[in-house]
Amino acid sequence: MLGQTITYYIYIRNIQLQNDWKKLHVLLRWFVLLFPFFIIGYGYNNNVIDVDFLFKNEAIPKWLLWTGIIGQVLFTLRFVYQWIYSEKKKDSVLPLGFWIISLSGSLIIFTYAIIRKDPVLLAGHALGLVIYTRNIIIIKKDVKINS
């Protein structure tokens with residue numbers, strides 16, 4: 001959830017860099033900014049979020065749990081990388097590194113999904129692997145053409 005919240009605010013920052021944030025009504029902007037806090041507050045107040053259940057699940061071996069966590073953290077870091085890169089460029093861009101990190105994190109999560117036999121993660125990351133690989137190839141070709 002922390003990773004999703006971080007990427008959520010990076011999306012907002014990208015909208016700001018594209019000069020589209022101020023085009024939204026002020027009430028909508030405040031709602032969008034505060035929405036994750038409402039969800040987290042709701043989850044904790046209703047005892048839905050159970051950290052012990054997540055980290056002490058006997059059905060998942062520790063090595064596999066850590067494989068999934070590492071994959072998800074790496075996958076989330078692609079947005080942190082993109083955010084830092086975009087801040088330096090003062091424009092919202094998806095550089096080659098974003099796609100390489102996406103592919104790496106997705107491969108780990110895809111492997112996790114195969115071992116866990118998780119069709120949702122498997123389907124979600126199978127398509128992503130194709131897209132990330134395609135984008136890396138396109139960017140590499142563009143670099144060669146423009147060199």
Side-chain angles (χ1 to χ4, degrees), residues 1-24 28-29 31-44 48-147:
M1 284 184 66
L2 177 62
Q4 294 299 320
T5 303
I6 290 168
T7 59
Y8 182 84
Y9 287 105
I10 291 171
Y11 286 140
I12 292 171
R13 180 61 184 144
N14 284 325
I15 293 169
Q16 290 171 338
L17 287 171
Q18 292 174 340
N19 296 317
D20 290 332
W21 181 249
K22 295 225 181 214
K23 294 176 185 175
L24 300 173
L28 179 59
R29 288 189 307 221
F31 175 77
V32 168
L33 286 171
L34 297 175
F35 183 72
F37 295 102
F38 295 136
I39 297 300
I40 292 168
Y42 176 79
Y44 278 113
V48 174
I49 300 170
D50 188 354
V51 176
D52 285 337
F53 177 74
L54 176 65
F55 290 105
K56 294 180 182 174
N57 187 343
E58 299 299 324
I60 304 174
K62 293 276 188 245
W63 69 268
L64 185 57
L65 177 67
W66 281 105
T67 299
I69 290 170
I70 289 166
Q72 192 60 51
V73 167
L74 184 59
F75 197 66
T76 299
L77 287 176
R78 70 194 181 134
F79 288 110
V80 174
Y81 175 82
Q82 185 269 338
W83 169 52
I84 293 167
Y85 190 92
S86 293
E87 288 294 335
K88 287 181 182 176
K89 297 288 184 183
K90 299 293 183 211
D91 189 21
S92 179
V93 263
L94 294 174
L96 176 62
F98 173 86
W99 299 111
I100 293 171
I101 296 168
S102 298
L103 181 63
S104 303
S106 194
L107 274 170
I108 295 170
I109 297 169
F110 187 75
T111 304
Y112 172 87
I114 290 170
I115 295 167
R116 290 277 301 154
K117 298 178 180 131
D118 185 324
V120 175
L121 282 177
L122 201 64
H125 286 278
L127 181 59
L129 290 173
V130 173
I131 293 168
Y132 309 143
T133 302
R134 176 190 158 274
N135 288 343
I136 291 168
I137 292 168
I138 289 171
I139 291 171
K140 292 265 189 186
K141 282 182 182 178
D142 285 348
V143 168
K144 286 181 183 177
I145 290 170
N146 294 327
S147 294

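This is a predicted model, so every value here is computed, not measured.
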(Q) If I compare all heavy atoms of Phe75 with all of Ser106, which pair ends up nearest, and what's the gap? (A) CD1-N, 3.8 Å
Q: Hey, could you give me the CD1/CD1 distance between Ile70 and Ile108, rounded to the nearest 0.5 Å?
A: 7.0 Å
Q) Atom OG1 of Thr133 and atom CH2 of Trp99: how far apart are they, to the nearest 0.5 Å? A) 11.0 Å
(Q) Could you go through Ile136 and Ile139, starting from their C-alpha distance and side-chain angles, then the distance that decides it, and tell me whether this counts as side chain to side chain contact (heavy atoms under 4.5 Å, CB included)? (A) CA-CA 5 Å; Ile136 291 168; Ile139 291 171; 6.0 Å; no
Q) Can a cation-pi geometry be assigned to Arg13 and Tyr9, taking NZ or CZ under 6.0 Å from the six-membered ring centre and within 45° of the ring axis? A) no
(Q) To the nearest 0.5 Å, what is the distance between CG on Leu17 and OG on Ser92? (A) 6.0 Å
Q. So how far is it from Glu87 CD to Asp91 CG, rounded to the nearest 0.5 Å?
A. 11.0 Å
Q. Can you find a pair of side-chain heavy atoms, one from Tyr81 and one from Ile100, that are under 4.5 Å apart?
A. no
Q. When the ring centroid of His125 is compared with that of Tyr112, is the distance short of 6.0 Å?
A. no
Q: Of all the heavy-atom pairs spanning Asp118 and Leu121, show the shortest one and how long it is.
A: OD1-N, 3.1 Å
Q | Residues, nucleotides or ligands: over 12 heavy atoms within 6.0 Å of Tyr8 OH | A | yes
Q: Start with the C-alpha distance between Trp21 and Val32, add both sets of side-chain angles, then the distance that settles side chain to side chain contact (heavy atoms under 4.5 Å, CB included), and finish with yes or no.
A: CA-CA 11 Å; Trp21 181 249; Val32 168; 4.0 Å; yes
Q) Can you tell if the side chain of Thr67 reaches within under 4.5 Å of the side chain of Thr111, non-hydrogen atoms only? A) no
Q. Tell me, do Ile12 and Arg29 make a side-chain contact under 4.5 Å, heavy atoms counted?
A. no
(Q) I need the minimum non-hydrogen distance between Asn14 and Ser86, along with the two atoms involved. (A) OD1-OG, 4.0 Å
Q | Expected output: side-chain Tyr132 to main-chain Ser104 donor-acceptor under 3.5 Å | A | no
(Q) For the backbone of Val93 and the side chain of Gln82, can you confirm whether one donor and one acceptor N or O come within less than 3.5 Å of each other? (A) yes
(Q) Using every non-hydrogen atom in the two residues, find where Ala113 and Leu122 come nearest and quote the distance to one decimal. (A) CB-N, 3.6 Å
Q) Once you round to the nearest 0.5 Å, how far does CD1 of Ile10 lie from CD1 of Ile84? A) 8.0 Å
**Q.** Sole residue of Thr7, Ile6, Ile101 in side chain to side chain contact (heavy atoms under 4.5 Å, CB included) with Val80
**A.** Ile6
Q) In Å, rounded to the nearest 0.5 Å, how long is the span from CZ of Arg116 to CG of Leu64? A) 6.5 Å
